[in-house]
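Chain identifiers are assigned alphabetically (A, B, ...) following the order of the sequence lines, protein sequences preceding nucleic acid strands; residue numbering begins at 1 within each chain. When reading the values below, keep in mind they use all heavy atoms of this one structure, side chains included, and skip hydrogens, waters and symmetry mates.
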Amino acid sequence: MKRTAPRSTLRKIIKKHKPQLRLAANADLLVHLSFLLFLHRLAEEARTNAFENKSKIIKPEHTISAAKVILKKSRG
Amino acid sequence: MASRGGGTPAASGASGPAELQLPQGPRGLSPPPPPPPRNYADHNAPRRRRNYPPHTAPRPLPALARVSREEAGGGNRWAVTGPAMADRRPRARPGLRRSGHNARAVAQTGSSVENKSKSVRSTLAKQGLGVFPDLRNGTPRLMLKRVMQNQPQVSPLAPQISNHEDTKEAHSEVPSQRVSSMGELQLPDVAPEDTSTTVFNMKKKRRKFSISEFERAAESRLPQYQAQSALDSTVMTRSLRMSVGSLLAPDTVEKRGLLRRPKTRRAVDMQAFEGRVEQNLLKSKGQNDLVDSQSASVIRTSMLTSDAEMMMNSTELFVQPLLDEESQNKLSALEPQLSDSKTSAQRSPISDADQEEARLEGLVSSVSTNQERTQRYSKSTGLDDEHVDRMSHVSPETPAKQGEEKQDHSQQSNPVAKISVTEEEVVCSVYRWNSSLPSKSSSTHLGSPVTLNVSRMHLRQVVSHIIEDLEVSDTEEEMINTENGVEQKKIFQEAAERGASAGHSEHLEKKLAEKAELQITAGHASRGETEVAPSAGKEVEEGSTGAHSSPRAEHEITRGIGAESLGRPSHAFSSFEKPEVTPVDEIDEQGDELQDQAMMLNLDSSVGEPAEDEAEQPESQEVSMKTPTFVRAPPHKLLLSAKPAKASAPSSPLKLLQPKTVPKRLRTSQKKPREPQVPRSLIKAIFRHFAKMPVTRDAFQIVEKCSERYFKQLSDDLEAYSHHAGRKTVEAADLEVLMRRQGLVTDKMPLRVLIERHLPLEYRRLLIPVAVSGNKVIPSK
């Protein structure tokens, strides 16, 4: 079930962090895309961690360790 | 197919197709010298293969001859002769096979082709076997054939099969070797089909052989196998095998071989499985026991401080922890029905209620469902009824699970205002609440009845005061009162807090006790509640408005107590006041405080409760006071004790008063600016889609935090990039640079591809320029 990208919400979030910054017309779509890919990477990493632990469920510890790695990678 | 007979066929074949003896009905030439009849039964007996040596021509010749003859006959003949052939000719398996192969191959090609081949073969045959041998023996198939022929006899089953095969092969050798193959199948089908099937058969047969060998070895050990083999040996089975398609035959053979083992294993598996099941059950039970023990422990702590009645009651609690939930649920369902019966029942069990209240008082502290209760009270005044139901149904039910369920149900149920009932219910519910957190409303109810039971002069005095103050006596009001009472209690609690004086608290507690007693003595529990409720409501209002006067608190408290005989220890109350003296002007804050107070009360009560009655009263007050506040401030501690719940019971008048004020505050206080957040559901959906695995709820929390962090990082980076480019606006190029640095966009993976992959069409259309006819580009730049 696909959902539409929360364009206005993304704009608000960026505005909250950086009030002086503006966004181009369709730039928020790319922001949404980057967010999707970030989640994708995070999910893959968490999945890998869960597999390594021979667990069939993704648990918080898997996610935390995955987040550490992926956030570092996504710093740009 | 007399032609088949040994080398003569060749000659006969050479004689020409015309001389084909195809139509010979009695093809059943006695097994010519060539292939000795396959007697699988005698498989030990030396098997005589055809005369022709494996590599010699005669084999092919005869086959060829036959084939040629049969070919001449035509495909139909093959079909006709096939079965006949199959029946008769025992041939060496390999021979059969090979011939079958050849036949099949030929047959497959089609009648026309076969005809051609026939002609070719016939000519070849005429010319001499030289050519044929090459075809027959030189090709890989022929080689295989030879190998097959030369294979040693296989297991008993094999012989049977081989018999079939031999016969089939023999048939196949006949000019319609293909036909014979078909015949093997005993399916006079179209040639091509047969050939295909026969080909398949051939393959299967090979397998059978291998298996048969194995089985042979095993046969000696396994009588079953032999029996099976015996069965197999029957013509029927053979025919079936062949007819049904060799597909099944080999499988059955294999399966038979495998069947033995599982039998022994299964026995063990079952036992192990049962053992595991038992273990699981034990584990589940253990968990349940743990839960019960925990609740019981809580109850016990409270109980210890309480009277002997409490102790007795505690035992009951433990006995029926599980029942509570069920009973609660049932009760809630049956509330309307029980309402009538409840009133009567309530009166009778008042004594019981008292006892329960006593317990509850002790337990109230432990119960922290004020918030819930308040909510529920606000929702509906039917709590009273529910409580009544509970009372009647399950006196010692442990509230743990009931409370929540009950309250939900109760709230939904029609609130037949029966304050007396509510009181009783409160008593019961309080009792229950103590054992379990969720039952707020019950606690409030319990408060009042409990106070009734408790013989505390001070409470009674308070109650009397409350009664005097209370004016509303309608049933509706009663109902409202019950709710208001809860609110009142809350207010009391608040006021007590504001008073910030232990003495006040104690005094208040006394008053509450008095109130409770008064209520009891009044004999109009409902009225008492209503009286208490309105007074409590008034007090609540006062308190809400910011009255920090201890006397007010006392008033409120007394009212609250009157509404709910929370006999809990003054300790709880005092302690309650102390920690939370923070003046609360707004209801929300009050609600929070109440909640905190309830927490404290709960804690204190659990620690040590000098006076059950007192505790109950303040608790009830708190509950009543807290219910409205809690409603306003939902996310606050859900762990609040049952006291607030108790208070909620009789605060019907309070409810009348509070709704007027509460909404105002709600609007003003709830205008907290919401931080923009990516919707949780979206994050969940995306993450779950990408993870393809179940994810725990806690993991989702972490994902949310990560996403927030990510957006923060993202905005920093974008700002840096745009600033570096001397712009104040973030452009798509900046985004691309970011993704490139993140490693998402590479030389191999352009941004466009990512867009196409992950974004829906609408967005793709916006991002990727597409050229359309008319020298137009969309989106237009």
Original post:
Tell me, side chain or backbone of A:Thr48 under 4.5 Å from chain B's heavy atoms, or both, or neither?
Top reply: neither
**OP:** Hey, could you give me the CG/OH distance between A:Leu39 and B:Tyr710, rounded to the nearest 0.5 Å?
**Re:** 8.5 Å
Original post:
For B:Leu735, is it the side chain, the backbone, both, or neither that has a heavy atom closer than 4.5 Å to a heavy atom of chain A?
Top reply: side chain
Original post:
Which answer fits B:Lys712, side chain, backbone, both or neither, if we ask what part of it has an atom under 4.5 Å from a heavy atom of chain A?
Top reply: both
**OP:** May I ask you to test the A:Thr63-B:Asp698 pair for a side-chain heavy-atom distance under 4.5 Å?
**Re:** no
Original post:
Quick one: what part of A:Arg41 sits under 4.5 Å from any heavy atom of chain B, side chain, backbone, both or neither?
Top reply: side chain
Subject >> Worked check of side-chain contact (heavy atoms from CB on, under 4.5 Å) between A:Lys16 and B:Phe711 >> reply: CA-CA 10 Å; A:Lys16 182 186 74 167; B:Phe711 278 122; over 6 Å; no
Original post:
Looking at A:Leu33, A:Ile70, A:Thr9, which has the largest count of heavy-atom pairs under 4.5 Å with chain B?
Top reply: A:Leu33
Original post:
So do B:Met693 and A:Phe51 actually touch side chain to side chain, heavy atoms under 4.5 Å?
Top reply: yes
**OP:** Please round to the nearest 0.5 Å and tell me the distance separating atom CD1 of B:Ile686 and atom CG of A:Leu42.
**Re:** 12.0 Å
**OP:** Return the minimal non-hydrogen interatomic distance between A:Ala43 and B:Phe690, and the atom names on each side.
**Re:** CB-CB, 3.6 Å
Original post:
Given that the side chain runs from C-beta out, which part of A:Ala5 has a heavy atom under 4.5 Å from chain B: side chain, backbone, both or neither?
Top reply: both
Subject >> Least distance between heavy atoms, B:Cys706 atom then A:Leu71 atom >> reply: O-CD2, 4.1 Å
Subject >> Interface moiety of A:Gln20 toward chain B, non-hydrogen atoms closer than 4.5 Å >> reply: both
Subject >> Whether A:Arg47 side chain and B:Ala691 backbone form a donor-acceptor pair below 3.5 Å >> reply: yes
Subject >> Full working for side-chain contact (heavy atoms from CB on, under 4.5 Å) between A:Lys18 and B:Asp716 >> reply: CA-CA 8 Å; A:Lys18 301 280 171 195; B:Asp716 290 339; 2.8 Å; yes
Subject >> Structural part of A:Leu10 lying under 4.5 Å from a heavy atom of chain B >> reply: side chain
Original post:
Between B:His758 and A:Leu37, what is the shortest heavy-atom contact and its length?
Top reply: CE1-CD2, 3.3 Å
Original post:
Given that the side chain runs from C-beta out, which part of A:Lys12 has a heavy atom under 4.5 Å from chain B: side chain, backbone, both or neither?
Top reply: both
**OP:** Side chain from CB out, backbone as N, CA, C, O: work out which of these in A:Lys15 comes under 4.5 Å of a heavy atom of chain B, or both, or neither.
**Re:** neither
**OP:** Report the C-alpha separation of B:Tyr763 and A:Asn26 in whole Å, then their side-chain angles, then the decisive distance to 0.1 Å, and conclude whether the side-chain contact (heavy atoms from CB on, under 4.5 Å) test is met.
**Re:** CA-CA 9 Å; B:Tyr763 301 152; A:Asn26 292 331; over 6 Å; no
Subject >> Exceeds 12 heavy-atom contacts within 6.0 angstrom, atom CZ of B:Arg740 >> reply: yes
**OP:** Give, as side chain, backbone, both or neither, the part of B:Leu714 having an atom under 4.5 angstrom from any heavy atom of chain A.
**Re:** side chain
Subject >> Residue selection (most heavy-atom pairs with chain B, distance under 4.5 Å) from A:Lys56, A:Glu61, A:Glu44 >> reply: A:Lys56
Original post:
Which atom names give the shortest non-hydrogen contact between A:His17 and B:Ser715, and what distance separates them?
Top reply: CB-OG, 3.4 Å
Subject >> Residue pair A:Leu30, B:Asp734: steps toward the side-chain contact (heavy atoms from CB on, under 4.5 Å) verdict >> reply: CA-CA 10 Å; A:Leu30 289 169; B:Asp734 296 333; over 6 Å; no
Original post:
Pick from B:Lys728, B:Met739, B:Arg757: which one has the most heavy-atom pairs with chain A under 4.5 Å?
Top reply: B:Lys728
Original post:
What part of B:Asp717 lies closer than 4.5 angstrom to a heavy atom of chain A: side chain, backbone, both or neither?
Top reply: side chain
Original post:
Are there more than 12 heavy atoms of other residues, nucleotides or ligands under 6.0 Å from atom CZ of A:Arg22?
Top reply: no
Subject >> B:Phe700 versus chain A, the contacting section by heavy-atom distance below 4.5 Å >> reply: neither
**OP:** Taking B:Thr729 for its side chain and A:Leu21 for its backbone only, find out whether a donor-acceptor pair lies under 3.5 Å.
**Re:** no
**OP:** Against chain A, label B:Gln677 side chain, backbone, both or neither, depending on which of its atoms sit under 4.5 Å from a heavy atom there.
**Re:** backbone
Subject >> Heavy-atom proximity to chain B below 4.5 Å, by part of A:His32 >> reply: side chain
**OP:** Mind ranking B:Ser722, B:Gly743, B:Ser681, B:Ala720 by heavy-atom pairs under 4.5 Å with chain A and telling me who comes out on top?
**Re:** B:Ser681
Original post:
Does B:Lys692 NZ have over 12 foreign heavy atoms under 6.0 Å away?
Top reply: yes
Original post:
Which heavy atom of B:Val678 sits nearest a heavy atom of A:Phe35, and at what distance?
Top reply: CG1-CE2, 4.1 Å
